[in-house]
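Working notes for the structure below.
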Amino acid sequence: MRLYNTLTKRKEEFVPLHEGEVRMYSCGPTVYDYFHIGNARPFIIFDTLRRYLEYKGYKVLFVQNFTDIDDKMIKRANEEGITVKELGDRFINEYFKDADALGIKRATFHPRATQHIGDMIALIGKLIEKGVAYEVNGNVYFDTSAFPEYGKLSGQKLEELEAGARVEVEEGKRNPMDFALWKAQKPGEPAWDSPWGKGRPGWHIECSVMAMKYLGQTIDIHAGGQDLIFPHHENEIAQSEAATGKPFARYWLHNGYINVNNQKMSKSLGNFFTVRDILKQFDPEVVRFFMLSAHYRNPINFSEDMLRQAQSALERLYNCKANLLHMMENAVERELSEEEIDFIQRLAGYKVKFEEAMDDDINTADALAAIFDMVRDINSQLSASSSKQAVERAYALLDELTGVLGLLRKDPRQELDPEIKALIEKRQQARKEKNWALADQIRDELRARGIILEDTPQGVRVLFKHKD
RNA sequence: GGCGCCGUAGCCAAGUGGUAAGGCAGAGGUCUGCAAAACCUCGAUUCCCCAGUUCGAAUCUGGGCGGCGCCUCCA
């Protein structure tokens, strides 16, 4: 598999450090609010990468943190009149509700920053010992000039960064690009004891600490949004590598933004849509499909119209799944025909195409194209008279490949309540008697209730309309 | 000022040297009591523009136009 590595600006063959095992870390949310759909992109994309690595047989250790202490947390907690801890508890809970809905698997570990303060203090102490960090009035800063490779991830040179710096130089910093590892307590802020007095950790140190604690000093994959390249990930590299003398992460993956009217969606611009709100109107899998319909490094424009397109496309896949399930209940056990043998051979081809796409830097758009090719073939090849074996093979592959993408997780068949069943029976009777007026009336009635009836050669097929 | 990305049919989107995937929308047809679903057919002689390299370029090089991002919290 090849992955685009931000560090080298190239696609590289992915080879994990430990055979058969992948250790990856992805920057998680700051839990001060519901997350928006721009935040959802890396969650969905890197969940998909994780699923694909597992599909390929790797054991994946996946860590995604929660940032539960920083300026935004403190500000919001004050506004709400609750503690930072209470705020964090609440939105971690809300995070899981939305993430679960989107089919994002739980990470192996979901560490919280505030539960690793001791480890952070230890790492900061080590950096001071090594002479790459210094303390001023209870604040500790990382000395960027002491780390010659600073800027290697973002492709920036220290002097250029400084020239363009819009940062106000904080009192006590030796260098404008130096960043806080530890912040002295200000009145009213939560604080922890440390060798430099009461205070709290800077943002960047948490990811270094939690990544190394759970995954070791050198991890395979570190992922996040493009806006984290600088300064967050740059700083993580500086801290971690200055402390250990070893490469911190071997492959750095960054997803592109979600735009609204071609502008980056962000909290500060106010042009964001929370996942919570979108899910009132759309099925979560529609959101997931939308994210996967473009390559993860390209920007994608978000709009309701795009979601509707995704919804229609997803429905095509669900129709295929529903058809196969329906056929499986009716298909006959018999020898495969020559045609069916050819068909099964073609199935293997779609699987190869799918894997080639995913192996090429997680090209989910191309992988979906392979699935759509397969769906067309299934639809034209299989019918009521197909052999059960052929139908089952097709179903198994569709289920397997869409499963890697986290799609088609629902069973389109649902228990019907007796009233609906009775209506369908009544309609069947009417159809037998060629009472088309009554039959159509019942069909319309059910449609209004979100139940779609299709008359197939094998009997009535019941579909449930997705939210829209 | 530094670093970087993008511009492919009405819309979305792969493809990055060998002659334009896939999806949505639309048109016609087949099937159907009518539908729905599905299937078949139709859509870029062409990939923002210009020049160059090449037997050959959407794909490489140079220039231009247009859009966007990072360099500050941000997925």
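These numbers come from a predicted model, not from an experiment. Residue numbers begin at 1 in each chain, while the letters A, B, ... track the order of the sequences. Both backbone and side-chain heavy atoms feed into the values below; hydrogens, waters and symmetry mates do not.
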Protein-nucleotides 34-41 of chain B N/O pairs under 3.5 Å:
| from | atom 1 | to | atom 2 | distance (Å) |
| --- | --- | --- | --- | --- |
| rC34(B) | O2 | Arg443(A) | NH2 | 2.6 |
| rC34(B) | N3 | Arg443(A) | NH1 | 3.0 |
| rC34(B) | N3 | Arg443(A) | NH2 | 3.2 |
| rC34(B) | N4 | Asp455(A) | OD2 | 3.1 |
| rA35(B) | N6 | Asp455(A) | O | 2.8 |
| rA35(B) | N1 | Asp455(A) | N | 3.0 |
| rA35(B) | N3 | Arg443(A) | NH1 | 3.0 |
| rA36(B) | O2' | Glu454(A) | OE2 | 3.0 |
| rA37(B) | O4' | Glu454(A) | OE2 | 3.1 |
| rA37(B) | O3' | Asn319(A) | ND2 | 3.3 |
| rA38(B) | O3' | Asn379(A) | ND2 | 3.1 |
| rC39(B) | OP1 | Arg316(A) | NH2 | 3.2 |
| rC39(B) | OP1 | Asn379(A) | ND2 | 3.4 |
| rC39(B) | OP2 | Arg316(A) | NH1 | 3.2 |
| rC40(B) | OP2 | Arg376(A) | NE | 3.3 |

Between atom [atom1] in [X] and atom [atom2] in [N], what is the gap in whole Å?
X         : N       : atom1 : atom2 : result
Lys353(A) : rG22(B) : NZ    : P     : 7 Å
Tyr4(A)   : rU16(B) : OH    : P     : 15 Å
Phe230(A) : rA75(B) : CZ    : P     : 17 Å
Phe354(A) : rA14(B) : CZ    : C1'   : 15 Å
Met374(A) : rG23(B) : CE    : C1'   : 15 Å
Glu160(A) : rG4(B)  : CD    : C1'   : 13 Å
Arg297(A) : rC6(B)  : CZ    : C1'   : 12 Å
Asp178(A) : rC71(B) : CG    : P     : 18 Å

**Request:** Evaluate the side-chain contact (heavy atoms from CB on, under 4.5 Å) criterion for residues Lys264(A) and Asn271(A): first the C-alpha distance (whole Å), next the side-chain angles of each, then the deciding distance (0.1 Å), finally the verdict.
**Result:** CA-CA 8 Å; Lys264(A) 175 184 173 180; Asn271(A) 60 347; 6.0 Å; no

Which is true for [X] with a 4.0 Å heavy-atom rule: it touches a base, it touches only sugar-phosphate, or it touches nothing?
X         : result
Asn262(A) : sugar-phosphate
Lys72(A)  : sugar-phosphate
Pro231(A) : sugar-phosphate
Lys264(A) : base
Asp71(A)  : nothing
Asp70(A)  : nothing
Leu228(A) : sugar-phosphate

Identify all pairs in which a protein N or O lies below 3.5 Å from an N or O of nucleotides 25-30 of chain B, and state each distance.
none

Are any of the side-chain nitrogens in [X] or [Y] under 4.0 Å away from the carboxylate oxygens of its partner?
X         : Y         : result
Arg308(A) : Glu304(A) : yes
Glu12(A)  : Arg2(A)   : no
Glu149(A) : Lys152(A) : yes
Arg51(A)  : Asp47(A)  : yes
Arg90(A)  : Asp33(A)  : no
Asp377(A) : Arg346(A) : yes
Asp98(A)  : Arg276(A) : yes

Detail all sub-3.5 Å separations between protein N/O atoms and N/O atoms belonging to nucleotides 11-13 of chain B.
| from | atom 1 | to | atom 2 | distance (Å) |
| --- | --- | --- | --- | --- |
| rC11(B) | O2' | Gln309(A) | NE2 | 3.3 |
| rC11(B) | O2 | Gln309(A) | OE1 | 3.3 |
| rC11(B) | O2 | Gln309(A) | NE2 | 3.1 |

With [atom1] as the reference atom in both, quote the distance from [N] to [M] in angstrom, rounded to an integer.
N       : M       : atom1 : result
rG67(B) : rC73(B) : C1'   : 25 Å
rA25(B) : rC70(B) : C1'   : 36 Å
rG18(B) : rA58(B) : P     : 11 Å
rG63(B) : rA38(B) : P     : 49 Å

**Asked** Which residues, if any, of residues 252-261 of chain A bring a heavy atom under 4.0 Å of RNA chain B?
**Response**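 Nucleic-acid contacts, sorted: Asn255(A), Gly256(A), Tyr257(A), Ile258(A).
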
**Item:** Those residues of residues 142-156 of chain A lying under 4.0 Å from RNA chain B by at least one heavy atom
**Value:**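 RNA chain B contact set from residues 142-156 of chain A: Ser154(A), Gly155(A), Gln156(A).
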
Ring centers of [X], [Y] separated by less than 6.0 Å:
X         : Y         : value
Tyr150(A) : Phe147(A) : no
His36(A)  : Phe273(A) : no
Phe248(A) : His222(A) : yes
His204(A) : His233(A) : no

**Request:** Would you check, one step at a time, whether the test ring-ring contact (aromatic ring centres under 6.0 Å, His included) holds for His116(A) with Tyr214(A)?
**Result:** CA-CA 11 Å; His116(A) 298 79; Tyr214(A) 292 94; 5.6 Å; yes

**Asked** Has Trp436(A) got its ring stacked on rG33(B), by the test of a centre gap below 5.5 Å and a plane angle below 30°?
**Response**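 Stacking between Trp436(A) and rG33(B): present.
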
**Request:** For Tyr296(A) and for Asp227(A), locate the closest nucleotide of RNA chain B by heavy-atom distance; then report the residue assigned to the nucleotide nearer the 5' terminus.
**Result:**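 It is Tyr296(A), whose closest nucleotide lies nearer the 5' terminus.
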
**Message:** Here's a test of your reading of the structure: between Asn39(A) and Phe289(A), which maps to the more 5' nucleotide of RNA chain B?
**Reply:**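 Of the two residues, Phe289(A) wins.
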
**Message:** Please report the interatomic distance CG(Asn139(A)) to CG(Asp178(A)), rounded to the nearest 0.5 Å.
**Reply:**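 CG of Asp178(A) is found 12.0 Å from CG of Asn139(A).
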
Taking any strand in view, what nucleotide pairs with [N] in a Watson-Crick or G-U wobble way, both distances under 3.5 Å?
N       : answer
rG33(B) : none
rG62(B) : rC50(B)
rA57(B) : none

**Asked** Between the side chains of Asp68(A) and Thr114(A), does any donor sit under 3.5 Å from an acceptor?
**Response**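 Yes, a side-chain donor-acceptor pair sits under 3.5 Å.
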
**Message:** Keeping His254(A) on the side-chain end and Gly224(A) on the backbone end, is there a donor-acceptor pair under 3.5 Å?
**Reply:**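 No, because the side chain of His254(A) does not come within donor-acceptor range (under 3.5 Å) of the backbone of Gly224(A).
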
**Prompt:** Can you tell me if the side-chain N/O atoms of Lys9(A) get under 4.0 Å from OP1 or OP2 in rC5(B)?
**Reply:**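 No, because none of the side-chain N or O atoms of Lys9(A) sits under 4.0 Å from OP1 or OP2 of rC5(B).
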
**Asked** Who pairs with Lys72(A) by side chain to side chain contact (heavy atoms under 4.5 Å, CB included), at least two apart in sequence or on another chain?
**Response**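 For Lys72(A), the residues satisfying side chain to side chain contact (heavy atoms under 4.5 Å, CB included) (neighbours in sequence not counted) are Thr30(A), Tyr32(A), Asp70(A).
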
**Message:** If the test is ring pair (Phe, Tyr, Trp, His ring centres under 6.0 Å), which one of Phe91(A), Phe43(A), Phe35(A), Phe66(A) qualifies with Phe96(A)?
**Reply:**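 Only match with Phe96(A) under ring pair (Phe, Tyr, Trp, His ring centres under 6.0 Å): Phe66(A).
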
